[in-house]
Number of protein chains: 2
Amino acid sequence: MRATRRGQGGVTVQDVARAAGVSAMTVSRVVNGGHNVRESTRLAVVEAIDRLQYKPNPAARSLAVGEATQIGLLYANPSAAYLSQFLIGALAAARRAGCHLVLEPCEGESADEQAEATRQFAGADVQGVILPPPLCESEPVRTELAAAGIPSVAVAMGRHEAGTFNVRIDDFEAAAAMTRHLIDLGHRDIAFIRGHPNQVASAERHRGFVHAVEAAGLDPAAMRVEPGYFTYRSGLAATERLLRQRPRPTAIFAANDDMAAAAVGVAHRQGLHIPRDISIVGFDDVALATNVWPELTTVRQPIAQMAETAVAMLLARLRKRGGGDAAEGEELIVPHELVVRESTAPPPRDAAHR
Amino acid sequence: MRATRRGQGGVTVQDVARAAGVSAMTVSRVVNGGHNVRESTRLAVVEAIDRLQYKPNPAARSLAVGEATQIGLLYANPSAAYLSQFLIGALAAARRAGCHLVLEPCEGESADEQAEATRQFAGADVQGVILPPPLCESEPVRTELAAAGIPSVAVAMGRHEAGTFNVRIDDFEAAAAMTRHLIDLGHRDIAFIRGHPNQVASAERHRGFVHAVEAAGLDPAAMRVEPGYFTYRSGLAATERLLRQRPRPTAIFAANDDMAAAAVGVAHRQGLHIPRDISIVGFDDVALATNVWPELTTVRQPIAQMAETAVAMLLARLRKRGGGDAAEGEELIVPHELVVRESTAPPPRDAAHR
DNA sequence: GTTCTGGATGTTAGCGATAACCTAAAGCGC
DNA sequence: GCGCTTTAGGTTATCGCTAACATCCAGAAC
């Protein structure tokens with residue numbers, strides 16, 4: 001008899017089938033949802049499965065179904081903390097589905113570079129692509145994907161657009177909640193540092209801020225707003241401009257944590273105590289938020305979970321191909337959370353002298 | 001005729017074989033190293049491959065060879081920046097080999113938690129495990145892996161131990177180089193903030209520091225050394241202790257960037273200008289290093305590349321199983337790089353008054 | 001010339017799972 | 001009771017690739 005190539009004693013459907021007294025096909029049916037299987041049979045199979053500790057072989061499965069095995073992830077250096085969370089979630093979902101994640105870095109802001117990076121995917125036969133911010137809003141990337149006929153799902157694209165797929169939090173509402181937190185503490189002079197002007201999320205966060213200010217009966221026009229780019233450096237510059245003015249704002253709301261961390265740095269250098277002299281808050285809850293002193297009050301986005309959801313949505317979309325080309329798009333909004341740490345407090349009493 | 005399940009027109013070995021006028025097996029041989037194939041045949045096949053844009057199907061391959069399809073990665077929240085780089089590298093190598101990466105978080109420092117997390121792998125049939133710091137030095141983890149018979153490769157385990165597999169930089173030499181940089185600038189009073197006492201890398205970096213100090217003819221005993229834990233918070237405490245003393249050190253060498261960033265924060269709060277009044281340097285070159293002002297002079301570890309190498313080493317080791325159980329261990333040292341940014345300068349002239 | 005040797009290639013038989021098809025019994029309306 | 005649909009399950013044929021074995025043939029060895 002020929003030498004068998006049988007691997008290191010992995011349990012297969014056949015083994016389970018034998019143990020449960022059914023055919024391999026029935027086991028397969030049980031594993032994948034169990035339609036058209038009698039309850040008693042199903043139980044017998046399930047019992048056999050965990051008695052033998054059966055784990056389906058993902059390679060065999062994806063070979064058999066001939067489905068997506070590679071999904072792309074185009075990233076452009078958002079904060080490293082963001083990326084690692086994102087990868088963790090995406091990887092978990094990809095593995096569950098038995099498909100590989102193909103990473104493609106896209107440094108460079110030019111349209112050419114972005115298009116070039118996107119084109120890599122077409123050559124690498126990925127069946128779909130996940131787009132974390134900020135690339136989800138890049139025109140060249142989307143054009144190129146459309147040209148190659150590769151479906152994509154965006155994550156944290158600020159606002160829904162018809163025909164696109166997107167997973168995000170409600171930036172507007174989250175920013176409003178954060179603003180209310182500051183107002184509730186007694187702040188009446190809150191400065192806002194905006195995010196990158198090309199990202200819809202920046203505008204949404206700002207809108208949420210304005211909305212909450214108005215809702216509290218305050219005048220939005222009285223609040224100082226500085227431009228920013230979501231980078232540490234831009235936060236530095238914005239805060240310097242703000243703190244040069246008198247009276248100083250009693251609170252600064254930066255549209256992300258990187259800029260908030262920068263604000264903390266500048267405030268410290270000017271001898272201000274946080275939060276006694278000034279409150280500073282961020283947005284995103286990346287690791288950086290707890291790597292400054294004091295730790296930042298911020299808004300947590302469930303990044304890993306969002307990535308997971310996005311992958312699942314992409315796979316669902318790929319599977320549906322053929323059923324109907326339902327290109328109507330889909331949006332999923334996941335819950336956020338206000339995380340109050342140590343960088344916020346009521347405004348100083350002698351606000352007049354500040 | 002039965003409906004075929006043939007997927008979306010993917011090119012297969014058969015197609016290539018037909019185009020090149022050879023058998024599928026020959027194509028397979030060419031793709032995998034091409035032993036025992038005549039040069040002329042090889043060229044014909046290669047030509048056909050890239051004319052048809054053939055990409056081997058990884059699922060089919062790993063099903064056929066019955067090889068490792070899952071390799072584990074046990075992580076314990078090192079800095080997020082470290083993790084994302086690590087994942088990028090590991091993922092690239094895993095995909096090339098057609099195998100999946102199974103992530104397992106291991107929060108918690110207790111032996112029980114670590115053992116428990118490790119045990120997850122045994123149940124998930126991963127064939128090998130990659131261990132980034134600090135878990136690569138965890139006794140419970142290693143015991144548990146050994147018990148389950150799962151081979152592992154460590155990354156950045158500070159020093160080589162017989163019988164283990166490891167990829168790292170030369171922490172000793174890197175720390176010495178950094179110290180020489182400070183000495184060359186004119187510093188004679190350099191404080192050192194150590195890393196976590198349980199990690200060998202901490203000791204190595206400190207040894208490198210001491211060695212360079214001695215080599216320059218200075219007295220190591222005169223240099224202040226503070227304990228630390230590689231965390232931002234511990235860096236904060238250590239720096240506060242250091243800067244309370246007079247005379248202040250003219251330079252602080254923190255054993256990683258997180259602690260160096262903390263040192264920058266404390267120095268700023270005390271009104272010191274960096275690098276004019278004091279130089280501060282870190283180690284690792286994670287993203288945080290450029291997210292403080294001024295950007296940190298530090299040592300770059302090629303993290304992604306190290307992870308890639310580790311995965312490759314692990315796979316080689318798994319394949320070799322059966323040939324010989326060569327348990328002699330292996331170590332690979334990759335080059336590091338001193339990155340001089342803006343946080344270092346010559347010591348202040350009036351050092352006497354500091 | 002014959003046998004041996006080893007390199008270059010083809011052939012066959014899986015790897016583990018599932019799609020598509022088939023079968024047998026049960027349910028159902030009339 | 002008869003055909004018809006539905007349900008529960010088995011059979012068979014792949015998916016794409018490669019290990020193991022078989023074959024062929026040129027040159028070496030005798």
Side-chain angles (χ1 to χ4, degrees), chain A residues 1-18 20-45 49 52 54-70 97-100 125 319 322, chain B residues 1-18 20-45 49 52 54-70 97-100 125 319 322:
Chain A
M1 181 187 154
R2 244 170 202 218
T4 173
R5 275 192 266 153
R6 187 65 178 293
Q8 41 271 46
V11 182
T12 76
V13 258
Q14 302 294 345
D15 301 327
V16 177
R18 214 161 9 235
V22 298
S23 78
M25 198 58 225
T26 301
V27 175
S28 172
R29 275 192 270 258
V30 169
V31 172
N32 307 320
H35 298 302
N36 286 6
V37 175
R38 205 178 335 176
E39 186 58 15
S40 60
T41 317
R42 204 182 66 75
L43 286 178
V45 172
I49 285 178
L52 299 182
Y54 166 70
K55 314 264 177 212
N57 178 326
R61 191 210 294 265
S62 62
L63 177 57
V65 301
E67 238 169 27
T69 56
Q70 317 232 77
C99 66
H100 292 259
D125 95 310
R319 260 185 270 279
Chain B
M1 180 189 157
R2 246 172 198 215
T4 173
R5 275 193 265 154
R6 188 67 179 294
Q8 41 270 46
V11 182
T12 76
V13 256
Q14 302 294 344
D15 301 327
V16 177
R18 217 165 3 236
V22 298
S23 76
M25 197 58 226
T26 301
V27 175
S28 172
R29 277 192 268 260
V30 169
V31 172
N32 308 318
H35 297 301
N36 287 7
V37 175
R38 203 180 337 183
E39 185 59 13
S40 61
T41 317
R42 206 184 64 76
L43 286 177
V45 172
I49 285 178
L52 298 181
Y54 167 69
K55 315 264 175 208
N57 178 327
R61 188 211 297 265
S62 61
L63 177 57
V65 301
E67 237 171 25
T69 56
Q70 317 232 80
C99 65
H100 292 260
D125 95 312
R319 262 185 270 279

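Lettering of chains follows the sequences in order, A, B, ..., and the numbering in each one begins at 1.
With contacts defined as side-chain heavy-atom distances shorter than 4.5 Å, the pair A:Val11/A:Val16 qualifies. Between A:Val30 and A:Val27 there is no side-chain heavy-atom pair separated by less than 4.5 Å.
To the nearest angstrom, P of D:dA13 lies 18 Å from CG of A:Leu63. One interatomic measurement links the two molecules: CD of B:Gln14 to P of C:dT11, which rounds to 11 Å at whole-angstrom precision. Atom CD in A:Glu39 sits roughly 16 Å away from atom C1' in D:dG9 (whole-Å rounding). A straight line from CG of A:Leu52 to C1' of C:dG16 spans 15 Å, rounded to a whole angstrom.
Across B:Ala17 and B:Ser23, no two heavy atoms sit closer than the pair CB-C, 3.6 Å. Pairing each heavy atom of B:His100 with each of A:His100, the nearest pair is NE2-NE2, 3.3 Å. When all heavy atoms of B:Val37 and B:Arg42 are compared, the closest pair comes out as CG1-N, 3.8 Å.
Between B:Ser28 and D:dT18 there is a side-chain N or O to OP1 or OP2 distance below 4.0 Å. Within the 4.0 Å cut-off from OP1 or OP2 of C:dG16, not a single side-chain nitrogen or oxygen of A:Arg61 is found. Phosphate contact (OP1/OP2 of C:dT18, side-chain N/O of A:Asn32, threshold under 4.0 Å): present.
Taking the side chain of A:Met25 as heavy atoms from C-beta on, and the options C:dA19, C:dG16, C:dA17, the nearest nucleotide is C:dA19. For A:Ala64, taking side-chain heavy atoms from C-beta onward, the closest of the listed nucleotides D:dC17, C:dT9, C:dA17 is C:dA17. The side chain of A:Ala60 approaches C:dA17 more closely than any other nucleotide in the set C:dA17, D:dT18, D:dG16. The B:Ser23 side chain lies nearest to C:dG10 when the options are D:dC17, C:dG10, C:dC15. The side chain of A:Thr12 lies closest to C:dG16, out of C:dG16, C:dT18, D:dG10.
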Using the 3.5 Å cut-off, write out each protein N or O paired with an N or O of nucleotides 5-8 of chain D and the distance between them.
residue: D:dA8; atom: O3'; partner: A:Arg38; partner atom: NH2; Å: 3.3

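B:Pro56 is linked by a side-chain contact (heavy atoms from CB on, under 4.5 Å) to B:Val31, B:Tyr54, B:Arg61, counting only residues two or more places apart in sequence or in another chain. Take B:Ala20 and apply the side-chain contact (heavy atoms from CB on, under 4.5 Å) test, not counting sequence neighbours, and it matches B:Val22, B:Val45, B:Ala48. For B:Arg38, the side-chain contact (heavy atoms from CB on, under 4.5 Å) partners two or more places apart in sequence, or in a different chain, are B:Ser40, B:Thr41. Listed by chain and number, the residues in a side-chain contact (heavy atoms from CB on, under 4.5 Å) with A:Leu43 are A:Glu39 (sequence neighbours excluded).
Using a 4.0 Å heavy-atom cutoff across all strands shown, A:Thr26 reaches sugar-phosphate atoms only and no base atom. Contact annotation for B:Val22: backbone-only contact, meaning every heavy-atom pair under 4.0 Å involves sugar-phosphate atoms and none involves a base.
At a cut-off of 3.5 angstrom, counting only N and O atoms as typed in the model, there is a donor on one side and an acceptor on the other between the side-chain of A:Arg29 and the base of D:dG9.
One finds the NZ atom of B:Lys55 at 10.5 Å from the CD1 atom of B:Ile49 (value rounded to the nearest 0.5 Å).
Using five terminal pairs a side, the axes of the helix from C:dG1-D:dC30 to C:dC30-D:dG1 at its two ends make an angle of 40°, given in steps of 10 degrees.
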